[in-house]
Amino acid sequence: MAHFDENAKPFSNKWMDERLGVNTLNKVLNTEYWIPKDINFLWAMGMILTATFGILLVSGIFLLMYYKPDTNLAFDSVNYTIMSEVGYGWLWRHIHGVGASIVFLIIYIHMFTGIYYGSYKKGRELIWLSGMGLFVAFSAEAFSGYMLPWGQMSYWAGMVITNLFSGGSLEAYGLVEWIRGDYVPGDAYLTRFFMLHVLLIPLAIIGLIVLHFGTLRLPHVNNQEGAEIDFKEAADLWKAGKRKESKVIPFSPVFLSKDVFVMGVYFILFFYLVFYNFDFAMDPVNFDPADGLKTPAHIYPEWYFLWSYEILRPFSKDMGLIFFAVAQVIFFLLPFIDRSPNVVPAHKRGLFQIWFWVLLIDMITLTAMGKLPPTDPTFALIGEVSAWLFMFMWPILFIITMLEKKLEKGA
Ligand code: HEM
């Protein structure tokens, strides 16, 4: 048996270290977890996401105390009980609604930062894959949460999205009924989405966040120039007091203090939105109770799903479904489609830089078109062209990064 210091006071640092290895843990995760100096505020997005997820969990727990997962009671429990009867219920709902919307903005910024700086390459593939797992889990969490107020948009968006599983001309209707637990969204549907939203998906998200952090620990985060750093040498310099010469800083307390500063700025904006501009996160149509006999004139998802919805919408059912399915998984494949092993920022990668900005603008265009009703032929055409462009962007990426690789070999 290991030696224990008999004089160590219970729960003192030494006592805890002998039992739980708290000092080793603190070194591995904080004081000797080295972060490159050459990074900017975009590297704070990961911590902002973690904090926003925490806020969503806490506000969700408060809402859960009064929410009723029953098609006869759900709408009133949200729009009447929580919003008007429960003290500060409106505040928790606004925090939850704004958090759910803003978290996607930050996820997209975080993803595109990774793409811009090539942070998915060479040893960082698993960071990217676990990140995409988080993207899918957050999407499922947002969709299942949107069902819960049982308003018109909950019901009809749920109807449209679950209809996707009818499998086009495969006519796999049994699958839709299996997912819904009924012919149309009803009580079984609401209670299963409630379970997914409050239990299964949050558990998966927590597991994926731990995995994402784990995949970050050994390759370390990337930096603005994609420079390969000898972390051991740089850490030794830091520990020897040569802090200017060292290319790294410890996560805690040095880098963490910067993260906390960016988070402070973020939370000022976040609470400004919660108190003064929460409307953007609440669809007015969803303030009408669900009615299976009254289809809204225009059904659309929340803004963060619009780009993939617009990839589905202009095409016949089969083709739309195939395109939609590709759009959902293609980002997973990015580390393998990009053939160039070079980790450098996009502005030093010639054609890749153009590819990056075209993809971003294309996805913003798809988002804007997805919100408009499909009746205007000009906008419908812009949407269709943008959807085709999105599909072509991936083979194009393969080709330009192959060229990059060849040029590099030649150099
Ligand atoms: C939604 C929950 C997520 C959380 C809580 C999270 C958290 C973090 C944290 C704390 C970091 C380290 C600091 C930083 O670079 O910001 C990080 C890095 C990273 N994340 Fe995420 N992330 C999430 C989603 C994603 C998604 C959706 C992707 C993309 C598919 C992604 C890809 C990456 C990559 C590539 C890095 C490494 C950045 C680098 O090496 O410079 N993450 N993440």
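Note that ligands are numbered from 1 as they come in the structure, with each ligand's atoms numbered from 1 the same way.
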> Could a heavy atom of Phe331 be found less than 4.0 Å from some atom of ligand 1?
Replying inline: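 In this structure, Phe331 fails to qualify as a contact of ligand 1 - no heavy atom is under 4.0 Å.
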>> With a cutoff of 4.0 Å, is Ser119 in contact with ligand 1, counting heavy atoms of the residue only?
In response: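 Checking ligand 1 against Ser119, which is what was asked, there is a heavy-atom contact under 4.0 Å.
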> Quick one: does Trp43 get an N or O within less than 3.5 Å of an N or O on ligand 1?
Replying inline: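 Yes; at least one N/O pair falls below 3.5 Å.
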> Does an N or O from Gly46, backbone or side chain, lie closer than 3.5 Å to an N or O of ligand 1?
Replying inline: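 Between Gly46 and ligand 1, an N or O pair is found under 3.5 Å apart.
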> For His220 and Tyr33, does a side-chain donor sit closer than 3.5 Å to a side-chain acceptor?
Replying inline: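 Side-chain D/A pair, His220 to Tyr33: absent.
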> So which of Ile35, Ile205, Ile127 gets nearest to atom 37 (C) of ligand 1, if we judge by its closest heavy atom?
Replying inline: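 Going through Ile35, Ile205, Ile127 one by one, Ile127 has the nearest heavy atom to atom 37 (C) of ligand 1.
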> Is ligand 1 under 4.0 Å from a heavy atom in the side chain of Phe53, in the backbone, in both, or in neither?
Replying inline: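 It is neither; nothing of Phe53 touches ligand 1.
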Output the list of atoms in ligand 1 that are nearer than 4.0 Å to some heavy atom of [X], sorted by atom number.
X	result
Arg124	40 (O)
Met47	10 (C)
Met132	30 (C)

> In terms of residue, atom name and distance, what is the protein heavy atom nearest to atom 24 (C) of ligand 1?
Replying inline: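 Answer for atom 24 (C) of ligand 1: His110 CD2, 3.7 Å.
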>> Of all the N, O or S atoms in His212, which has the shortest distance to atom 21 (Fe) of ligand 1?
In response: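 Distance check against atom 21 (Fe) of ligand 1 picks out NE2 in His212.
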